[in-house]
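These notes are about the structure you will find just below.
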Protein chains: 2
Amino acid sequence: MTLHDEGPVGADALDRVTWALRRAELAVTALKEQRLRSLGMAAAHYSLLIAVHVDPGLAGAELARRLNVTPQAVASLVARLEGRGQLERRPHPRHRHVQELHLTDAGRDALRKADSVIAEIEQQITEKLGAKDTGQLKALLGQVTDAIQQVQPAGPLSRPVTLRKDGTPG
Amino acid sequence: MTLHDEGPVGADALDRVTWALRRAELAVTALKEQRLRSLGMAAAHYSLLIAVHVDPGLAGAELARRLNVTPQAVASLVARLEGRGQLERRPHPRHRHVQELHLTDAGRDALRKADSVIAEIEQQITEKLGAKDTGQLKALLGQVTDAIQQVQPAGPLSRPVTLRKDGTPG
DNA sequence: GGACGACTGTCAAACACTTGACATAATGCA
DNA sequence: TGCATTATGTCAAGTGTTTGACAGTCGTCC
């Protein structure tokens, strides 16, 4: 199957699954960002808070892997959320060099408000698609994720990367 | 429907469509970025090149709207691609202050190589899902995009936004 | 016990992007 | 013709993130 070679490049480029995927994710993210903004929270903050909420005591490095960002970015976000009193850094009982992350009451409250906004968006989608199609969409998206990670297992290589000015890999 | 209130926050948070959507898009983007890196190209460059390829003579501002970034970001990308000799800025025949963007032969060549990489990833997904499910996935993703843009029409408001340090909208 | 390796966290620098403001040019209307 | 409006493109500054390098800590193998 080499139909994509020799053919005019952009012929089917705008009808690909990955484009539809990107457009949908872009639209959802933009809406989330807009709605969360009125709460004074960015989407990245919400993602971090809910990750810590689901797994209390998480370390920064592990959090960075789950959120697909660098430890630096996590440290920056954590510092800000800690400054707002929504997040707390405690020393790890066993590993002294590690810092456990925990939500404060204020953090739980902010997360609750933010999550209701996210849930509302989720509901709008569910209403439009119906329960059956929503379930199938989730299943298909899971298959896509599996298909990708089957080729590229989520490891140190899948960290966010950029490119230098001259085009050489950073 | 207010089931999401009062309940424990993260109970169903990791089983939402928007999460599955984000995970899938993140995985696909990471793989694209990794594969394109060996060609010395970033995903943003590919997106820009193919947009110009589909609509030659595009202006920077219009391009910015399509790519969901600011004109500044486009100008930066264009300057870099122009420096590599892959993109060309010509004066607009009628509007002197506008600059048309066109691909050079080198740009077309780079785009062809990059597109074959993207098409390969697309094919891996299509193989895994099958033609029928792939079509349905595209349709469902289109419905999601429509459902979102129905609430939040793609306009000046859907531009990329950030948040200040203090949490006030930028 | 001691050395090696792996992991966590932090600092300085470079890079990318957004924001805000400004100059320029074309269109619509009085 | 004159003027307001709109839109493109660019400059300067602020913000966020990645990169690269480093020190500290734990576990393991010799």
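Quick note: numbers below take in every heavy atom, side chains included, and nothing from hydrogens, waters or symmetry partners. Just so it is clear: chains get the letters A, B, ... in the order the sequence lines come, proteins before strands, and each one is counted from 1.
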Rounding to an integer number of Å, can you tell me how far [X] [atom1] sits from [N] [atom2]?
{"X": "A:Arg66", "N": "C:dT8", "atom1": "CZ", "atom2": "P", "result": "12 Å"}
{"X": "B:Glu100", "N": "D:dG9", "atom1": "CD", "atom2": "P", "result": "10 Å"}
{"X": "A:Leu67", "N": "D:dG16", "atom1": "CG", "atom2": "P", "result": "17 Å"}
{"X": "A:Leu48", "N": "D:dG16", "atom1": "CG", "atom2": "P", "result": "14 Å"}
{"X": "B:Arg96", "N": "D:dT10", "atom1": "CZ", "atom2": "P", "result": "15 Å"}
{"X": "A:Leu81", "N": "D:dG16", "atom1": "CG", "atom2": "P", "result": "12 Å"}
{"X": "A:Glu62", "N": "D:dC26", "atom1": "CD", "atom2": "C1'", "result": "17 Å"}
{"X": "B:His92", "N": "D:dA7", "atom1": "NE2", "atom2": "P", "result": "15 Å"}

Mapping B:Gly60 and A:Ala44 to their closest nucleotides on DNA chain D, which lands nearer the 5' end?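 The residue closer to the strand's 5' end, by nearest nucleotide, is B:Gly60.
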
Phosphate OP1/OP2 of D:dG27 contacted by A:Arg94 side-chain N/O (<4.0 Å):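 Yes, A:Arg94 has a side-chain N/O under 4.0 Å of OP1/OP2 on D:dG27.
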
Think B:Arg89 has a side-chain N or O under 4.0 angstrom from the OP1 or OP2 of D:dT8?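 So the side chain of B:Arg89 is outside the cut-off, no N or O lying under 4.0 Å from OP1 or OP2 of D:dT8.
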
Under the side chain to side chain donor-acceptor pair (under 3.5 Å) rule, collect the residues that match up with [X], sequence neighbours excluded.
{"X": "B:Arg35", "result": "none"}
{"X": "B:Asp109", "result": "B:Lys113"}
{"X": "B:Thr29", "result": "B:Glu25"}

Consider the side chain of [X], meaning its heavy atoms from C-beta on, and name the nucleotide among [options] that approaches it most closely.
{"X": "B:Leu77", "options": "C:dC17, D:dG16, C:dT10", "result": "C:dC17"}
{"X": "B:Ala59", "options": "D:dG16, D:dT17, D:dG9", "result": "D:dG9"}
{"X": "A:His95", "options": "D:dG27, C:dT19, C:dG9", "result": "D:dG27"}
{"X": "A:Ala73", "options": "D:dT8, C:dT18, D:dT18", "result": "D:dT18"}

Can you name the residues that form a salt bridge (Lys or Arg N to Asp or Glu O under 4.0 Å) with B:Asp133, not counting sequence neighbours?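 Counting only residues at least two positions away or on another chain, B:Asp133 forms no salt bridge (Lys or Arg N to Asp or Glu O under 4.0 Å).
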
What is the minimum heavy-atom distance between B:Ala51 and B:Leu63, and which atoms define it?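 Shortest heavy-atom separation between B:Ala51 and B:Leu63 comes out as CB-CD1, 3.6 Å.
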
Pairing donors with acceptors under 3.5 angstrom, does anything connect the side chains of A:Glu88 and A:Thr104? no

Looking for any heavy atom pair under 4.0 Å, which part of the strands does A:Gln99 touch: base, sugar-phosphate only, or nothing?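 Sugar-phosphate, backbone atoms only, no base.
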
Close N or O pairs between protein and nucleotides 4-7 of chain C (under 3.5 Å):
none

Please output the side-chain donor-acceptor pairs of residues 91-101 of chain A that fall under 3.5 Å, not counting sequence neighbours, one pair per line with the distance.
{"unit_1": "A:His92", "atom_1": "ND1", "unit_2": "A:Arg94", "atom_2": "N", "d": "3.0"}
{"unit_1": "A:His92", "atom_1": "ND1", "unit_2": "A:His95", "atom_2": "N", "d": "3.1"}
{"unit_1": "A:Glu100", "atom_1": "OE1", "unit_2": "A:His102", "atom_2": "NE2", "d": "3.0"}

